[in-house]
Structures are given as structure tokens and as C-alpha cells.
Asks: 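Below are the C-alpha cells for one structure; questions will follow.
The shown structure was predicted, so the numbers you read here are calculated from the model rather than taken from an experiment. Scope of the values below: all heavy atoms of this structure, side chains included, with no hydrogens, waters or symmetry mates.
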Amino acid sequence: MNRDALDHAGLDRAGLDRAGLDRAGFDRAGLDRTRLDHAGLDYVRLTDTTWRILNATPGRRAELLAALPPAERAVVAEGTSGPGFDMEQARRRKTVADVLNVSFPVTFFAYYGRTGAAGLHTFLDSEFWQRRPAQPGSVFPPAATASAAFAGFLRASDWIDRQEDWVGEAFAFEDAHLFGGATTDPYRDGAAGRPRLVAGAWTAEATFDVPAYGGLLRERGTVDPWTEALLLVKRRPAPLAVISVPAGERVRRVRLTGATVAALRWLWDTGAPVPEGAAGTPAYARAVGAGLVDGAVG
């Protein structure tokens, strides 16, 4: 961690306001830099370990403390205990969960419902969270970097692979919906000469209405434990595709449902054959009228 950057921004890399730490009583823990420098302690290591413990389970806290030299261990142990620290740790868990429950309404519900606070701490202790780009002055946690960190964490883990297929499908949809513009290229070899989505557009597709299902989970989760909600709330087949089209600094979303998804899939899946007479269908005409098609014919 760059100490000068910390001093300039007044924030840690995870977005924690240092003044807020002081108000919570953490200055009494010995994290005053002048005192640490005089004592010959490693301020950067102390600070980094403190941030990590802020996101750690009790077991992980013990591991992090054990890795420190005795003098530094005493300082960090004092600074990461007590009601003030516990309150800050709980506040951070809740604010991160609130953001992810909006960004990934189905995936995060399933993840937290099945892993609980320990699973959230595992994510917060990961390099995806710890090394995400800082956004000085933003409200903690910045939704964009928090969501990108969670997506990266799940892509790199095997948690999704160990869940039912519908969980993986929901994550693929939510991930593509948020970040498909950066990872999906609708123009594969062989696509020339046929209509396709406009440049820069991308598609998130699922066999059920993922956003609607997320809403049902949240509603049921207010009266039942999340683990039970995941068992009780059923999914109904309902093909869904959301096409995202960049529009200046914003993104325009076009929602396709039912038979329209199958009728237009060839526009974004260049491995799918063009149905005979596709350019003359009402679905295609609506797509052209909505500005979704490049190289339109008809």
C-alpha cells in the first residue's frame, strides 16, 4: 500500500474513511503513524493487515495476526478488537451486501444464502476485493468496482460450478448484463454479409426471467431464511434476452421475451443459421425499428 496515496486521498484502497476509523476509536489502537515510526514498526504492513482483518472471519483474523512480528501483532490485535471495530465490520458487511444484492439479485442471494457471513468474508478477503481500484471521494462501496470484484471472484472460484445449473445460468446472465460490453464480441468470423447487432452491442440471455426471479427471492427472503427461499421460490421457463446498446455515456437496454428471443437469436449468435424469411418477420422489423440491427435488409 502506498502511504502517500493514503494520506492524499484520506481513504484506504477499499474506500474506508480514515477519519471514520478515528471517530470509531481506532486511533487509540496504536495506528498513529508518528508513534509507529518512532517505534520502528512497519506502518504499511500494520495498515494492510488491519484492513484485511476488517474483512476477515475470526479464524482468518488469527491467521493474519500470527503472521506478524510480536510487536506489530500486539498493536494490530488491540486495534482490531472491541465494540467499535465490531460495529465497523458489521457496517461494511451490510453496505457491501446491499450493493451486490442489487447488482447480482439472484447470484448474490444464492451465494450469501448458502455461505452466509463466512462466504462474504471470503470474498472481502480475496485479492479481487483487496486490490480493486480505489475511487477517492466515492461513497463506500463504489457499486461499479464492488460489482466487478465480485464477478471476478466468482469467475475465478469453483463455487458456481458446484451449484445447480440455474445458479450458473443466473450468474452468466447477470455478469453479461453488467460487463458483457467488455467481454463479448458479437462479430465472429463468418458473420460478414448478414445482418447483426449494431456495433458495440451485447446480449445477456437466459431461459428464465432472472431479474423477476431475483425480485421474488428478495420478497420471500423478508419472511423466510434465504436458504429456505431458494428452495421454495420456483423458476418458470420464460426465455429472456436483454440487448445492451451503448448510447454515449449511457447504455440503452432492450428486453426481448418469449418466442422473440428464438426468432432473433441469429442476430447475436453468428453460429445460429439465419431462418428462412427472417428479414420479413414482425420481430425483425421491430428490431430494425428499435435501432438494434446493423446491415439491415428487408
Side-chain angles (χ1 to χ4, degrees), residues 101-110 143-144 147-148 151 155 160 164-220 233-298:
N101 210 23
V102 172
S103 302
F104 294 90
V106 174
T107 306
F108 183 74
F109 196 101
S147 301
R155 292 188 209 114
I160 291 290
E164 303 96 314
D165 290 345
W166 68 263
V167 179
E169 184 178 357
F171 174 61
F173 177 91
E174 292 171 340
D175 189 25
H177 185 266
L178 290 174
F179 305 113
T183 60
T184 303
D185 181 3
Y187 306 118
R188 297 203 296 256
D189 291 340
R194 62 185 275 180
R196 57 195 182 187
L197 294 181
V198 294
W202 71 93
T203 306
E205 185 178 354
T207 59
F208 65 99
D209 193 326
V210 175
Y213 184 63
L216 294 174
L217 286 174
R218 286 196 301 274
E219 182 179 351
R220 191 63 181 251
V233 181
K234 303 302 181 183
R235 296 160 306 284
R236 297 178 179 175
L240 171 67
V242 176
I243 299 176
S244 300
V245 182
E249 296 183 355
R250 307 186 67 179
V251 175
R252 181 167 63 96
R253 312 279 191 185
V254 179
R255 179 184 169 97
L256 308 177
T257 59
T260 303
V261 177
L264 296 179
R265 183 177 290 113
W266 59 275
L267 286 174
W268 60 84
D269 181 0
T270 54
V274 180
E276 185 177 352
T281 63
Y284 179 78
R286 289 193 296 270
V288 173
L292 302 179
V293 183
D294 184 23
V297 296

Asks: Kindly indicate whether the side chain of Asp175, heavy atoms from C-beta on, has any atom under 4.5 Å from the side chain of Arg155.
Replies: yes
Asks: Please examine the side chains of Leu292 and Leu267, heavy atoms only from C-beta on, and report whether any two atoms are closer than 4.5 Å.
Replies: no
Asks: How far apart are the closest heavy atoms of Tyr284 and Ala279, and which atoms are they?
Replies: CD2-O, 3.2 Å
Asks: Here's a test for you: under side chain to side chain contact (heavy atoms under 4.5 Å, CB included), which of Leu256, Thr207, Thr203 qualifies with Val261?
Replies: Leu256
Asks: Does Arg194 reach the main-chain N or O of Trp266 with its side chain, forming a donor-acceptor pair under 3.5 Å?
Replies: yes
Asks: Work out which heavy atom in Val198 is nearest to a heavy atom in Gly291; give both atom names and the distance.
Replies: CG1-O, 3.4 Å
Asks: Testing Val288, Leu197, Leu264 for side chain to side chain contact (heavy atoms under 4.5 Å, CB included) with Val293, which one passes?
Replies: Val288
Asks: If you measure from CD on Glu169 to CD on Glu205, what distance do you get to the nearest 0.5 Å?
Replies: 9.0 Å
Asks: Run the side chain to side chain contact (heavy atoms under 4.5 Å, CB included) test against Pro246 and tell me which residues pass, sequence neighbours left out.
Replies: Trp202
Asks: Grab the two heavy atoms, one from Ser147 and one from Phe104, that are nearest each other, plus how far apart they are.
Replies: O-CE1, 3.6 Å
Asks: Apply side chain to side chain contact (heavy atoms under 4.5 Å, CB included) to the pair Arg286 and Thr260, showing each step before the final yes or no.
Replies: CA-CA 10 Å; Arg286 289 193 296 270; Thr260 303; 4.0 Å; yes
Asks: Check Gly168 against Ile160 and note the closest heavy-atom contact, atom names and distance.
Replies: CA-CG2, 3.7 Å
Asks: Looking only at heavy atoms, which two atoms of Ser244 and Val251 are closest? And how far apart?
Replies: CB-CG1, 3.7 Å
Asks: Can you give the donor-acceptor pairs under 3.5 Å from side chains of residues 233-242 to other protein atoms, not counting sequence neighbours?
Replies:
from   : atom 1 : to     : atom 2 : distance (Å)
Lys234 : NZ     : Leu231 : O      : 3.0
Arg235 : NH1    : Tyr213 : OH     : 3.1

Asks: Please find the pair of heavy atoms, one from Ala170 and one from Phe208, that lie closest to each other, and give the distance.
Replies: CB-CZ, 4.1 Å
Asks: For Glu276, does the CD atom have more than 12 heavy-atom neighbours from other residues, nucleotides or ligands under 6.0 Å away?
Replies: no
Asks: Considering only heavy atoms from C-beta outward, does the side chain of Pro105 approach that of Glu174 to under 4.5 Å?
Replies: yes
Asks: Quick one: salt bridge (Lys or Arg N to Asp or Glu O under 4.0 Å) pairs with a partner in residues 206-217, sequence neighbours left out?
Replies: Asp209-Arg255
